[in-house]
Amino acid sequence: MELPILKERDRIIQAVSDNPVIVVVGETGSGKTTQIPIFLYEAGFAESGVIGITEPRRVAATSTAKYVAGVIGSTPGDLVGYQVRFDDETTVGTALKFMTDGILLREFQIDSNLSRYSVVLIDEAHERSQNVDFILGLLKDLLKRRRDLKVVVASATIDEQKFSNFFNRAPVINVSGRMFPVEVVWGKEDVDEEMIVEVMADAIAEIHRSEPEGDILSFMTGEDQIRRVVESLERMKLTDLVLVPAHASLPWEEQQKIFASYPGKRKVIVATNIAETSITIDGIVYVVDSGFIKQMNFHPESGIQSLDVVLHSKSGCEQRRGRAGRTQPGKCFRLYAESDFRERPQFTEPEIKRISLAGVVLAMKDIGIDKVEEFEFVDPPSREAFHEAHETLIALGAIQRGSHGLTDIGKMMAGLPLEPRIARMIIEAEKHGCTKDVATIAAFLSGRQVFARPKGKEIQADRAHVALKNPASDALTFLRVWDKYEDSDFDNQWCYDNFLNARVLREVDDIRYQLFNILESYGFEPTESSDTAVIAKAVAMGLAYSLLEHRSRHSYGGVLRQIDDVFIHPGSAIFGLSNSRWIVASEVVRTTKTYARGCTEVKPEWLPDMAPQHFKRGEPVVARYLKGAESAVISKAVLDGYGHELGSSEESVPVAEAIAIQKARVRDAESKGLLKLTFHNEASGRYSFTASFVAEAGGKRYKASYHAKVEEGVPYYCKVVDTYLGQTTVEPVFQVFAFNNPAPSPGQPLSSVEELAQKRGASLGRQ
DNA sequence: AGGGTTTTTT
């Protein structure tokens, strides 16, 4: 059977020649992904530049590139190339470039005119990923500057009119697919979330008993529901049935079972939405749709995310239905009533409206778009979302309040393929000599879940994990896991024995090296620190906006944002172990409760740097000095908004500096009329085991307060707390140190990250 | 106190 799209060849070429933008609509199987690039190449569109094709997933980009290379008679990397993260198979001669949409976004950051390209094709635009929506907005803006650029938006038959209208009523070309009919069977009544597991299991059993052969694909919301459906079906002891769960956190071997064929048996795949878009399973004849989906949402007012079970949209349910009928006519059993379906929203809310915009706004500003609220999106995010993005970027120091452009820190952050908060940690790490450590942590934080807890082996897994966990920090835990992984010589068996996901660790390795390379281009030295507190502080600086303070029992609340009743996630290394008053979290996600994940304890002395509007450092005071030493220890109190002391930080300074600090304090004490007193110990009459410290000055006698700690023969500045029956009680305020070794060398200024930022800014000069 | 849909990035 000839691909239906071949009949449309001339129309498509003509439309692209005549219009800046066209929308091509066709179901999977229409061949649009592979054929349109070939048409455009054959029609000569590669003569004036590269034809770029974006895909939402790496496998799609690489496999279509390989297929098209074969058709054209090229090898991948030559005329037809592809680029995905960690894998660039393109050359100067590449005319057709397949890539993930993330790569095209990065190219916008390097050259906002996309000058190399003559045509850009955005595939799977209907998925409405964050990247696609951002790219479509950028392309609309770019078309004002580049009249010669051609844009093709390829989508399933979902919201083609929306795309067409967005690009000034661009022509829409429909390409029929090669779908077989899929009959819909409606449920009798609506089923709630509680009952859906039993209803699903019963429906699958019934199909198995009464329908002709053919595999079944069932859509549920998550791992737990999938497990319960599988268990329920196992209890029914049906014959000739193979049950295969399908979700992302499954180990690789388990995932392979999804694609295996089981001759003589009926395969039943119970899946999350992974089977709706990411993986395609051949030979599905029956789809059973619960009608529910788990969806991540973002709440800009609080900065928390929520993972919600919601009714799936009409277009999403249609997508599920389409998973049957790819090889023969199929049936789709919907476990909800037709009347319920009609009331559902037409489309799933695009991702750009359900995430923090901080990363998108950072990228926009890096590209040179200052008035971000005026940027044209297909579906514009809310004002609150833009406000949250701004506040987050201000808190991170990427932009300054009241100004449009990026700071030097912001420019460096934009160059790192990380979320803004995670990128900020690395900039902080540069100041404290731990870039390698924090880049490693960043790689873990930006990857998937490393700690595996296979079902039935939870206890063994937890036991293995305990040995790796740092009770104060998930970030430091990651560092420990990395060290041990290196010690094992990157051994898969070691990962398996310790219940760690080896694929994730290999990806962490790749991300690490990518980050190291970028940092090298910034002129950052690769540094490591043995001081875990320094590393943890860099992490905390990036996450400062999500600072949480202990409120009651196990719950925490936001300091800088309105968040209440946050609990440490049971999977966190600090769960059940921390009694820290402050913590930071890499994520706050509401599921059954609001959970903080990726937690690190915060020391009070970090607070003034993390949230200067809420916490201050007191004046420095001399805390300790050893006679003859070249340096002294000074301490600064950490104060909250009411001036209450929350803790203190200490640092070592040259004696000359300590002398200056003490002199200033003495001047202040004298101006306030404090008394300078030297005490001696006097055993008190009847109770010889208690001691009291007394001092005489100006013919008067003073007694140190009962709890005061004083040393004999050392002068203290004191304040009067009580006078009773002629006896004056005083409270020592500070000790006066006798410095006998004025040091000659003044303090050395610390290396400044701003200097390095300027260096990078200079070498970044945009063309 | 007790547990997360999915994808992607110079």
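Bear in mind that the values here come from a model prediction, so they are computed numbers and not experimental data. Chain letters run A, B, ... following the sequence lines, proteins first, then strands; residues in each count from 1.
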Cation-aromatic face contact R334(A)/F341(A), 6.0 Å, 45 degrees: yes

Between Y522(A) and K411(A), is there a cation-pi geometry (under 6.0 Å to ring centre, at most 45° from the normal)? no

Aromatic plane relationship, H569(A) with Y595(A) - under 30° parallel, 30 to 60° tilted, over 60° perpendicular: perpendicular

Under 30°, 30 to 60°, or over 60°: which ring-plane class applies to W482(A) and F444(A), parallel, tilted or perpendicular? perpendicular

Does [X] have a side-chain nitrogen or oxygen under 4.0 Å from the phosphate oxygens OP1 or OP2 of [N]?
| X | N | result |
| --- | --- | --- |
| T592(A) | dG2(B) | no |
| T272(A) | dT6(B) | yes |
| K593(A) | dG2(B) | yes |
| Q514(A) | dT10(B) | yes |
| T100(A) | dT9(B) | yes |
| R58(A) | dT9(B) | yes |

Options [options], nucleotide nearest the side-chain atoms of [X]:
| X | options | result |
| --- | --- | --- |
| K294(A) | dT6(B), dA1(B), dT5(B) | dT5(B) |
| P570(A) | dG2(B), dA1(B), dT7(B) | dG2(B) |
| L307(A) | dT6(B), dT5(B), dT10(B) | dT5(B) |
| D462(A) | dT5(B), dA1(B), dG3(B) | dG3(B) |

Test side-chain hydrogen bond (donor to acceptor under 3.5 Å, both in side chains) applied to E254(A) - qualifying residues, sequence neighbours left out: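 E254(A) satisfies side-chain hydrogen bond (donor to acceptor under 3.5 Å, both in side chains) with K257(A) only.
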
Using side-chain hydrogen bond (donor to acceptor under 3.5 Å, both in side chains) as the criterion, list what pairs up with T221(A), not counting sequence neighbours. Q225(A)

Within the structure shown, what part of the strands sits under 4.0 Å from [X] by heavy-atom distance: base, sugar-phosphate, or nothing?
| X | answer |
| --- | --- |
| I103(A) | sugar-phosphate |
| S129(A) | nothing |
| N273(A) | base |
| R553(A) | sugar-phosphate |
| G576(A) | base |
| E223(A) | sugar-phosphate |
| Q305(A) | nothing |

To the nearest Å, give me how far apart [atom1] ([X]) and [atom2] ([N]) are.
| X | N | atom1 | atom2 | result |
| --- | --- | --- | --- | --- |
| Q130(A) | dT6(B) | CD | P | 18 Å |
| D111(A) | dT10(B) | CG | P | 15 Å |
| Q255(A) | dT5(B) | CD | P | 14 Å |
| R106(A) | dT9(B) | CZ | P | 10 Å |
| R128(A) | dT5(B) | CZ | C1' | 19 Å |
| D101(A) | dT7(B) | CG | P | 13 Å |
| I511(A) | dT9(B) | CD1 | P | 10 Å |
| Y595(A) | dA1(B) | OH | P | 11 Å |

Which comes earlier along DNA chain B counting from the 5' end, the contact point of M296(A) or that of I518(A), where each point is its nearest nucleotide?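 The residue mapped nearer the 5' terminus is M296(A).
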
